Amino acid sequence: MEDTIGMEQSTSFRRLLTALLFVLLCLGAVAPATAQEILDPDPNMLAPSQDPRRTANGLAQTPPMGWNSWNKFACNVNEKVIRDTADAIVSSGMKDAGYHYVVIDDCWHGPRDANGFITQDQTRFPSGIKALADYVHARGLKFGIYSDAGTKTCGGRPGSQGHEYQDALQYARWGVDYLKYDWCSTGSRNAEEAYAVMSDALRASGRPIVFSLCEWGTSKPWLWASRIGNLWRSTGDITDKWVGKHGYSLGMSTIADLNEPLWPYAGPGHWNDPDMLEVGNGGMTDAEYRSHFSLWALMAAPLIAGNDIATMSPATRAILLNRDVIGVDQDSAGVQGHRVWKDGDREVWSKPLADGSRAVLLWNRGSTAATISVDWAMLGYPASLTMKARDLWLHKDLGRIGGRFTASVPSHDVVMITLRS
Ligand code: GLA
């Protein structure tokens, strides 16, 4: 009996203690550290893109525009090509139209010096990279260069793996404004970590440098790169063909299809990159190049010309210098447009613009001319609304239109308009 009373007393005492402990816990008097650790994990343990301390570098608020040596010159690049191109970008009016970055792609590199600093190929760039950057800057342009997150670039030159901070410092000393960073010879490296290391190295260099990730979309950089870089390749390499897979490379329309669904991930400072332009390289017709340029602008893609600017034809110039279309690409809202209607080879794409208007693309992928209409319903407009239309390839205002706009579109060509209230 006494035992039972004793047991009851000790049970009540334990209950009292438990209640007291509960009250103390609620007041935060006991073990706050444990609760805190669960709520605020150590940022050093997070993936780079999840680190709350990471901020975007603030560059490339509109899609970068410029020129890159790869699509035309591949490894046959040298300082004369770069200088001639910089001169031609100015004299052709491309600079005034917004093409500012002159980027040397692969194959500029020499060996690393005794201290591990990267040097230039002495035969191709005898005056040195600093002198070349100065030449480009003297023309009011910006200067870009290429490296790789692995041990070797895709062209077999020294990569930046293990030399990231040293390379970023060297680029800053040379006056580099833009780095394209490739993904060859990376073995089992994790892409997010590898690109974050170079991103941090560029920040530490003290020079504002646009960071272009060239990882071909393999590890879905649109999910993690928006505060690591400014643009990321979304697909394999482009080739100067209308459609299809050609070895490791992809035709223009095939790339457009792969890049299109990624539209929600693009925005000011961080862009999907469906690769550089092939306009003027000779593998497609002028109509196909018009499609290429219009689609890239509609998708707010970087407009990096890839042809020989010094010798381009008037037809190529008319495409690359179409200011109406460039204006769609460079719109300050930075929304990537996308497909809103498809029927076989006939498609309608739309891009909302900062002033409330729309860019609309009627694209005929077929081998004969086709009639294509954009119904206001495809754009979310009431049918009764009348809009002022402008044809961006004819450079012509079309007056006010209500309910629907219809055009005959030649084979493999586009009609591109803006609609304003
Ligand atoms: C990769 C890239 C290309 C180009 C080459 C250079 O294929 O995707 O854009 O930079 O390497 O070797």
Side-chain angles (χ1 to χ4, degrees), residues 63-78 81-82 85 101-111 118 120-121 124-125 129 143-161 167 171 176-187 189 191 194-195 198 209-222 225 229-241 244-252 254-256 258-259 262 271-281 283 292 296 299 301-308:
M65 291 178 67
W67 175 87
N68 173 297
S69 54
W70 183 256
N71 282 356
K72 172 69 186 177
F73 296 96
C75 256
N76 300 316
V77 76
N78 58 53
V81 164
I82 305 301
T85 302
Y101 291 97
V102 177
V103 183
I104 321 180
D105 207 279
D106 207 347
C107 304
W108 61 267
H109 322 65
I118 190 71
Q120 79 280 6
D121 182 316
R124 294 159 188 261
F125 297 90
I129 302 296
F143 180 72
I145 214 162
Y146 161 100
S147 189
D148 186 287
T151 51
K152 281 186 162 55
T153 70
C154 299
R157 305 305 194 274
S160 289
Q161 184 164 358
D167 285 356
Y171 303 153
V176 166
D177 307 297
Y178 183 111
L179 174 67
K180 173 176 169 182
Y181 203 48
D182 216 338
W183 190 240
C184 278
S185 303
T186 44
R189 278 199 97 170
Y195 281 97
M198 186 48 102
I209 299 179
V210 169
F211 191 30
S212 158
L213 283 66
C214 179
E215 171 275 356
W216 319 310
T218 314
S219 62
K220 301 188 168 66
W222 46 89
N230 302 105
L231 56 155
W232 50 80
R233 280 275 299 279
S234 53
T235 73
D237 286 6
I238 194 168
T239 187
D240 189 12
K241 292 186 164 50
K245 200 167 186 309
H246 307 269
Y248 289 115
S249 304
L250 303 167
M252 184 280 293
T254 306
I255 287 197
L258 291 167
N259 193 63
L262 304 178
W271 310 99
N272 291 307
D273 175 9
D275 209 355
M276 304 169 295
L277 298 168
E278 291 284 9
V279 176
N281 279 334
H292 180 12
W296 263 230
M299 293 194 289
L303 296 180
I304 308 290
N307 58 316
D308 185 355

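Atoms within a ligand are numbered from 1 in the order they appear, just like the ligands themselves. All figures in this text were calculated on a predicted structure; none of them were measured in a lab. Atom set for the values below is all heavy atoms of this structure, side chains included, hydrogens, waters and symmetry mates excluded.
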Looking at [X], which atoms of ligand 1 are within less than 4.0 Å of one of its heavy atoms?
X: Lys180; answer: 3 (C), 4 (C), 9 (O), 10 (O)
X: Cys214; answer: 2 (C), 8 (O)
X: Trp216; answer: 2 (C), 8 (O)
X: Arg233; answer: 8 (O), 9 (O)
X: Gly155; answer: 12 (O)

Once you measure the plane-to-plane angle for His109 and Tyr146, does it fall in the parallel (<30°), tilted (30-60°) or perpendicular (>60°) bin?
perpendicular
Determine the interplanar angle of the Trp67 and Phe73 rings, folded into 0 to 90°, and report it as parallel if under 30°, tilted if 30 to 60°, perpendicular if over 60°.
perpendicular
Could you tell me if any non-hydrogen atom of [X] lies under 4.0 Å from any atom of ligand 1?
X: Trp183; answer: no
X: Asp105; answer: yes
X: Tyr248; answer: no

First locate atom [atom1] of [X], then atom [atom2] of [Y], and finally report the distance between them rounded to the nearest 0.5 Å.
X: Trp108; Y: Ile82; atom1: CH2; atom2: CD1; value: 12.0 Å
X: Ile304; Y: Asp275; atom1: CD1; atom2: CG; value: 10.0 Å
X: Leu277; Y: Asn68; atom1: CG; atom2: CG; value: 10.5 Å

Residue pair Trp70 / Cys75: nearest heavy atoms and the distance that separates them
CZ3-N, 3.9 Å
Tell me the closest heavy-atom pair linking Met198 and Leu179, and the distance in Å.
CG-CD2, 3.9 Å
Option from Asp148, Asp106, Asp105 for which side-chain hydrogen bond (donor to acceptor under 3.5 Å, both in side chains) with Thr153 holds
Asp106
If we set the cut-off at 4.0 Å for heavy atoms, which region of Thr153 has an atom near ligand 1: side chain, backbone, both, or neither?
neither
Specify the protein heavy atom at minimum distance from [atom]: its residue, its atom name, and the distance to 0.1 Å.
atom: atom 12 (O) of ligand 1; answer: Asp106 OD2, 2.8 Å
atom: atom 3 (C) of ligand 1; answer: Asp237 OD2, 3.5 Å
atom: atom 11 (O) of ligand 1; answer: Asp182 OD2, 2.8 Å

